[in-house]
Chemist: 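Below are the C-alpha cells for one structure; questions will follow.
Since the model is a prediction, treat every value here as computed from it, not as a measurement.
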Amino acid sequence: MEQPQDYPLLSGIDSPDDLRRLPDDQLAPLAEELRRFLLDSVSQSGGHLAAGLGTVELTIALHYVFDSPKDRLVWDVGHQAYPHKILTGRRDRMHTIRKLDGVSAFPNRSESPYDSFGVGHSSTSISAALGMAIAASLDQRGQQMVAIIGDGGITGGMAFEALNHAGTLDANILVVLNDNEMSISPNVGALNNYLARILSSKFYSNIKEESRKVLSRMPTVWELARRTEEHMKGMVAPGTLFEELGFNYIGPIDGHDIPTLVATLHNLRDIKGPRFLHVVTKKGKGYQPAENDPITYHGVSSFDPELDHMPKSKATQPTYTQVFGQWLCDMAAKDPRLLGLTPAMREGSGLVEFSKRFPDRYFDVAIAEQHCVTLAAGMACEGYKPVVAIYSTFLQRGYDQLVHDVALQNLPVLFAIDRAGLVGPDGPTHAGSFDFSYMRCLPNVLIMAPADENECRQMLYTGFQHDGPASVRYPRGQGPGVPVKSAMTAIPIGQAEVRRKGTRIAMLAFGCMLAPALEAGESFDATVVNMRFVKPLDEKLLLELVEQHDLFVTIEDNSIAGGAGSAVNECLQRHEVVMPILNLGLPDRFIEQGSREQCLADAGMDATGICRRINAWVKRYPTQNSRLIS
C-alpha cells in the first residue's frame, strides 16, 4: 500500500487539476516519484511496464499543459498509458490492474472521464482524435484534441489514412509521436530543442503564414521558398513527410526533458490546425533491466525489481505458442516453401527462434494486418506456403483480405491463430471470441481447433499440407499437458473422435473445451466427442450419435452466435433431423478481465458451469426430457 512519505508529491495528486497547481520546478521530482511508483506497482501486480516507464515525463507534460478531460488525450494501444492512469485518480487501485473487477489494462471510457477513447488495438488514436476535433469544430467548442501514438502504432495503415485525411482539414488536432525505438541522435539535443521551441512558437507560425500569403502571389519565389524551408527542416528533423501531409511538424525533441516538453506543448496549444510533435523517449527509462531488454519487460508478471534480470519461467510443459514455434522451425527445415509472417507479434506469436534460424523466410510486416494477409496471398500465388502467425483479435482487422484475397482465390495460406477464446487479464479487446463465427461462413476455409498440445502440432501439419486456406486456432497459455510427438501426421480432414462413451447425452466439444467437457461428462455419464474440425464437421459421426442419444450439447469458447454449435444445428436441419440441442458458448456480451479461469467461470464455460447449465435446461423441459432427469 502506498505511503505518503514514500511519494510526497505523487500522493497529493488525485487528478490533473492537482498536477496543474504544481510549480514548474516540481515536475521533474514528480517524474522520479511516478516512475518509482510505476515500477513498484507493476512489479507486484504484473502488467505492461517498459512502455510506461518511457512516457512518464510526456504524460506529466501533457496533463500539465492541456485542460484534461475537457481537452481530449487519446492514447494509442494503451501500453504507454499506465502513468496516465496513475495521474487521473486510479493510483490507489493500480494494484488491481488486469484483475477481476480491477483497473483495466487499457484506456476504458466507462472507467474514467480522462480515458477519452477505449483502445486495445493499435493505430486508432489519430482517427479517433480527428473525429473528436471535427465534432468540436461543428459545435464550436474550444477544445484541444491530442493523439499520442507510438512508433509501432504509426506503422499501421489506418494511422496514415487518418494523417492523410487530417492534413486536408483545418481540424484542431495535435499528433504526438512517441518514438522509443530511434536512438537519440545528435540532432536531439540542446540545439534541436531550441529550434523546436522557435519553430513551435506563435511568432514563427504567424511569420510563416503571412510569408506564405505574400509569396503565394509570386509562384517562382514561392516554390523556391517552399523547397528551401523543407530542405532546411529536413536537415534538423525527419519531418518532410508529415509536412507534405499538411501538418506543422516539430521535433524531434527529448521526451524526458520536461521544461522543453512543457514549453513546446504550450506553444503548440496556441497554434491552430494539424500539428505533429515528434518526441523521442527511451523505453524502460529509469530502470536499467528494462532499458537493456525492453521486449522482456514489455509485459510482465509479478517480479522482484531488485533483480537485474527477469527470472526464467519454471513451466514444465510448453504453451500452445511454443508448440507452434517449434513446429514452424521443424516444418521449415523440411520444406523450403514455408514462409513465416507476423504483424509485429514475433515474441507473442512464438517466431523468435524461426526468425533467427530462417531470417530470409521471416517477414514482420509491422502493425499492418491487412497487408500481412494479402502479402501471404501473393506469396501463395507464386508457389510458396505462407504461414501467418496472428492473434485471433488481430485477424479481425484483416477480414476483408481473408475473404477476397485468400478464401475467394482458394489459396494455400495457413493461419496459426493464437489467443483464441478468452484471454483473461487483457480483457475483451484481446479476446478471440469470434473467429469460429467470422471464418465459418467463408467458403474454402478449413477450420481446426486442437484439444491438446500434440493435436495442435498435428493440426498445423495437416493445415500446411492442405491445398487451400486453413486455420488452426488455439488458446493462450498451456494445454492439459499431453506430450508432443516429434513425428508429424496429418489428421483425416473432418474426422472427430469419441473420447468418452456414455448414454443419453452427447457432449460435442470444440478445441480446449474438451477438458471441462470430459469433467462434466462424468457427472452425466455422457458421451464426449472431441470434434476437432469446425469446418468441415464430421457429419457421419453426428448422424450416428443422433440415433444413440437424447440430447446434444455443443461446447465452445467462441460466441454462441454463428459459432461451432450453430454449425451443428445447421447440419441437423440440413439432414431433417429432429434432435434436442443445447448450445453452450460465450454469451452475447463482452467478458471483462480476470484470470482465464475466472473469465470462463463468468461465461459458465468451466466444468461446474457446464453441469449447471445442462441441469437447468433439462429441468426447464421435464416432459420432453424425463429420461435425462433420472
Chemist: Check Ile149 against Ser123 and note the closest heavy-atom contact, atom names and distance.
Modeler: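 Shortest heavy-atom separation between Ile149 and Ser123 comes out as CD1-CA, 4.2 Å.
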Chemist: Evaluate the ring planes of Phe242 and Phe276, with Trp represented by its six-membered ring, and classify them as parallel (under 30°), tilted (30 to 60°) or perpendicular (over 60°).
Modeler: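 Geometry flag for Phe276 against Phe242: parallel rings.
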Chemist: So how far is it from Leu339 CG to Glu382 CD, rounded to the nearest 0.5 Å?
Modeler: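 Output value for this atom pair is 11.5 Å.
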Chemist: Test side chain to side chain contact (heavy atoms under 4.5 Å, CB included) on Met158 and Ile367; report intermediate values, then the result.
Modeler: CA-CA 10 Å; Met158 185 176 176; Ile367 302 175; over 6 Å; no
Chemist: Do the side chain of Lys535 and the main chain of Met439 share a donor and acceptor less than 3.5 angstrom apart?
Modeler: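 The answer is no, because no donor-acceptor pair under 3.5 Å joins these two groups.
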Chemist: Is the shortest side-chain heavy-atom distance between Pro469 and Leu446 below 4.5 Å?
Modeler: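 A side-chain contact is absent here, since even the closest heavy-atom pair is not under 4.5 Å.
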Chemist: Is a side-chain donor or acceptor of Tyr391 paired with a backbone partner of His430 at a separation under 3.5 angstrom?
Modeler: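 Not confirmed, Tyr391 side chain does not pair with His430 backbone.
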Chemist: Any sub-3.5 Å donor-acceptor pair from Ser104's side-chain atoms to Arg98's backbone N or O?
Modeler: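 No.
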Chemist: What ring pair (Phe, Tyr, Trp, His ring centres under 6.0 Å) pairs are there with at least one residue in residues 356-383, not counting sequence neighbours?
Modeler: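 Checked against ring pair (Phe, Tyr, Trp, His ring centres under 6.0 Å) - neighbours excluded - the pairs reaching residues 356-383 are Phe354-Phe358.
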Chemist: Kindly compute the distance separating CZ (Arg357) from CG (Leu328), expressed to the nearest 0.5 Å.
Modeler: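 Here the rounded value is 9.5 Å.
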Chemist: Treating Gln598 as the side-chain partner and Gln593 as the backbone partner, does any N or O pair qualify as donor plus acceptor under 3.5 Å?
Modeler: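 No; judged by distance alone, with no hydrogens or angles, the pair does not exist.
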Chemist: Would you say that Gln326 contacts Val484 through its side chain, given a criterion of any heavy-atom pair below 4.5 Å between the two side chains?
Modeler: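 No, their side chains stay 4.5 Å or more apart.
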Chemist: Within the structure provided, determine whether Ile555 and Met507 are in side-chain contact (heavy-atom separation under 4.5 Å).
Modeler: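 Touching, per the 4.5 Å side-chain cut-off.
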Chemist: Compare all side-chain heavy atoms of Leu408 with those of Val403 and state whether any distance is below 4.5 angstrom.
Modeler: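 No, every pair of side-chain atoms sits at 4.5 Å or beyond.
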Chemist: Taking all atoms of both residues into account, what is the closest heavy-atom pair of Ala290 and Leu53, and its distance?
Modeler: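 Closest heavy-atom pair between Ala290 and Leu53: CB-CD1, 4.1 Å.
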Chemist: Going by distance alone, is a donor N or O of one side chain under 3.5 Å from an acceptor N or O of the other, for Asn530 and Glu455?
Modeler: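 Yes, a side-chain donor-acceptor pair sits under 3.5 Å.
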Chemist: Drop me the distance from Leu508's CG to Asn583's CG, to the nearest 0.5 angstrom.
Modeler: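 Reported value, rounded in 0.5 Å steps: 9.5 Å.
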Chemist: Apply side chain to side chain donor-acceptor pair (under 3.5 Å) to residues Gln573 and Asn569 and explain how you reach the verdict.
Modeler: CA-CA 6 Å; Gln573 185 181 50; Asn569 299 350; over 6 Å; no
Chemist: Kindly say whether Met345 contributes a backbone atom to a donor-acceptor pair with the side chain of Asp364 at under 3.5 angstrom?
Modeler: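 Flag not set: sc Asp364 to bb Met345 has no pair under 3.5 Å.
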Chemist: Give the ring-plane orientation class for His79 versus Phe106, where under 30° counts as parallel, over 60° as perpendicular and anything between as tilted.
Modeler: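 Geometry flag for Phe106 against His79: tilted rings.
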Chemist: I would like to know whether Val373 and Leu395 meet side chain to side chain contact (heavy atoms under 4.5 Å, CB included); could you show each step before the answer?
Modeler: CA-CA 9 Å; Val373 175; Leu395 182 54; 4.2 Å; yes
Chemist: Working to the nearest 0.5 Å, report the span between OH of Tyr320 and CG of Asp452.
Modeler: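 The OH atom of Tyr320 sits 6.0 Å away from the CG atom of Asp452.
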Chemist: Let me confirm one number: the CG-OG1 distance from Leu73 to Thr59, rounded to the nearest 0.5 Å.
Modeler: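 These two atoms lie 9.0 Å from each other.
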Chemist: Please identify each residue that fulfils side-chain hydrogen bond (donor to acceptor under 3.5 Å, both in side chains) with Ser437, with sequence neighbours left out.
Modeler: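 For Ser437, the residues satisfying side-chain hydrogen bond (donor to acceptor under 3.5 Å, both in side chains) (neighbours in sequence not counted) are Asn558.
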Chemist: Between His121 and Thr393, is the side chain to side chain contact (heavy atoms under 4.5 Å, CB included) condition met? List the steps.
Modeler: CA-CA 9 Å; His121 293 193; Thr393 186; 2.7 Å; yes
Chemist: If every non-hydrogen atom of Glu369 is compared with every non-hydrogen atom of Phe394, which pair is closest and at what distance?
Modeler: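 Heavy atoms of Glu369 and Phe394 come nearest at CG-O, 3.4 Å.
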Chemist: Are the side chains of Thr342 and Cys372 in contact, using a 4.5 Å heavy-atom criterion?
Modeler: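 When only atoms from C-beta onward are counted, Thr342 and Cys372 do not touch, as no gap falls below 4.5 Å.
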Chemist: How close do Val77 and Ser122 get, heavy atom to heavy atom, and via which atoms?
Modeler: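 It is CG2-CB, 3.1 Å.
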Chemist: I'd like to know if Asp557 pairs up with Arg473 as an ion pair, taking the criterion as any Lys NZ or Arg NE/NH1/NH2 lying under 4.0 Å from an Asp or Glu carboxylate oxygen.
Modeler: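 Salt bridge between Asp557 and Arg473, a charged N being under 4.0 Å from a carboxylate O: yes.
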Chemist: Tell me if a side-chain donor or acceptor on Ser112 pairs with a main-chain N or O of Tyr114 at a distance below 3.5 Å.
Modeler: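 Yes, the answer is positive, given that a donor and an acceptor are paired below the 3.5 Å cut-off.
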Chemist: Between Pro343 and Val365, which heavy-atom pair has the shortest distance, and what is it?
Modeler: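 For Pro343 and Val365, the tightest heavy-atom pair comes out as CA-CG2, 3.8 Å.
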Chemist: List the atom pairs, donor and acceptor, that lie under 3.5 Å between side-chain atoms in residues 383-390 and the rest of the protein, sequence neighbours left out.
Modeler:
unit_1 : atom_1 : unit_2 : atom_2 : d
Lys385 : NZ     : Phe464 : O      : 2.7
Lys385 : NZ     : His466 : O      : 3.3

Chemist: Among Pro475, Pro480, Cys456, find the one that has a side chain to side chain contact (heavy atoms under 4.5 Å, CB included) with Cys512.
Modeler: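 Among Pro475, Pro480, Cys456, the one meeting side chain to side chain contact (heavy atoms under 4.5 Å, CB included) with Cys512 is Pro475.
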Chemist: For the side-chain hydrogen bond (donor to acceptor under 3.5 Å, both in side chains) test, which of Glu244, Glu243, Arg275, His278 pairs with Tyr249?
Modeler: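 The single option meeting the side-chain hydrogen bond (donor to acceptor under 3.5 Å, both in side chains) with Tyr249 is His278.
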Chemist: What I'd like to find out is whether the side chain of Met531 reaches to under 4.5 Å of the side chain of Leu542, using heavy atoms alone.
Modeler: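 Yes - at least one pair of side-chain heavy atoms lies under 4.5 Å apart.
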Chemist: Do any N or O atoms from the side chain of Asp76 and from the backbone of Ser125 form a donor-acceptor pair under 3.5 angstrom?
Modeler: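 Here the side-chain-to-backbone pair exists.
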Chemist: Any chance you could measure Asn180, atom CG, to Leu177, atom CG, to the nearest 0.5 Å?
Modeler: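 Reported to 0.5 Å precision, the distance equals 9.0 Å.
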Chemist: For the pair Glu556 (side chain) and Gly565 (backbone), establish whether a donor and an acceptor sit closer than 3.5 Å, ignoring hydrogens and angles.
Modeler: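 Present.
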Chemist: Salt-bridge test for Asp151 and Lys283: reply yes if a basic N is under 4.0 Å from a carboxylate O, no otherwise.
Modeler: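 Salt bridge between Asp151 and Lys283, a charged N being under 4.0 Å from a carboxylate O: no.
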Chemist: Check this for me: does any side-chain nitrogen of one of Arg457 and Asp330 sit under 4.0 Å from a carboxylate oxygen of the other?
Modeler: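 Salt bridge flag = yes for Asp330 with Arg457.
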Chemist: Please give me the minimum heavy-atom distance between Ile97 and Gly46, naming the atom from each residue.
Modeler: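 So the minimum-distance heavy-atom pair works out to CG2-O, 3.8 Å.
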Chemist: Can you confirm whether Leu241 sits close enough to Phe160 that some side-chain heavy atom of one is under 4.5 Å from a side-chain heavy atom of the other?
Modeler: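 Side-chain contact under 4.5 Å: yes.
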Chemist: Report yes or no: does Thr281 contribute a side-chain atom to a donor-acceptor pair with the main-chain N or O of Gly255 at less than 3.5 Å?
Modeler: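 No: the side chain of Thr281 does not pair with the backbone of Gly255.
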Chemist: Please walk me through it: do His298 and Glu347 pass side chain to side chain contact (heavy atoms under 4.5 Å, CB included)?
Modeler: CA-CA 11 Å; His298 169 71; Glu347 288 75 23; over 6 Å; no
Chemist: Could you check if a side-chain atom of Ile491 sits within less than 4.5 angstrom of a side-chain atom of Met459, using non-hydrogen atoms only?
Modeler: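 Contact flag for Ile491/Met459 side chains = yes.
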Chemist: For Glu453 and Gln478, indicate whether the former's side chain and the latter's backbone hold a donor-acceptor pair under 3.5 Å.
Modeler: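 Not confirmed, Glu453 side chain does not pair with Gln478 backbone.
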Chemist: Quick test of your reading of the model: are Asp418 and Arg476 salt-bridged, counting only N-O distances below 4.0 Å?
Modeler: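 Salt bridge between Asp418 and Arg476, a charged N being under 4.0 Å from a carboxylate O: no.
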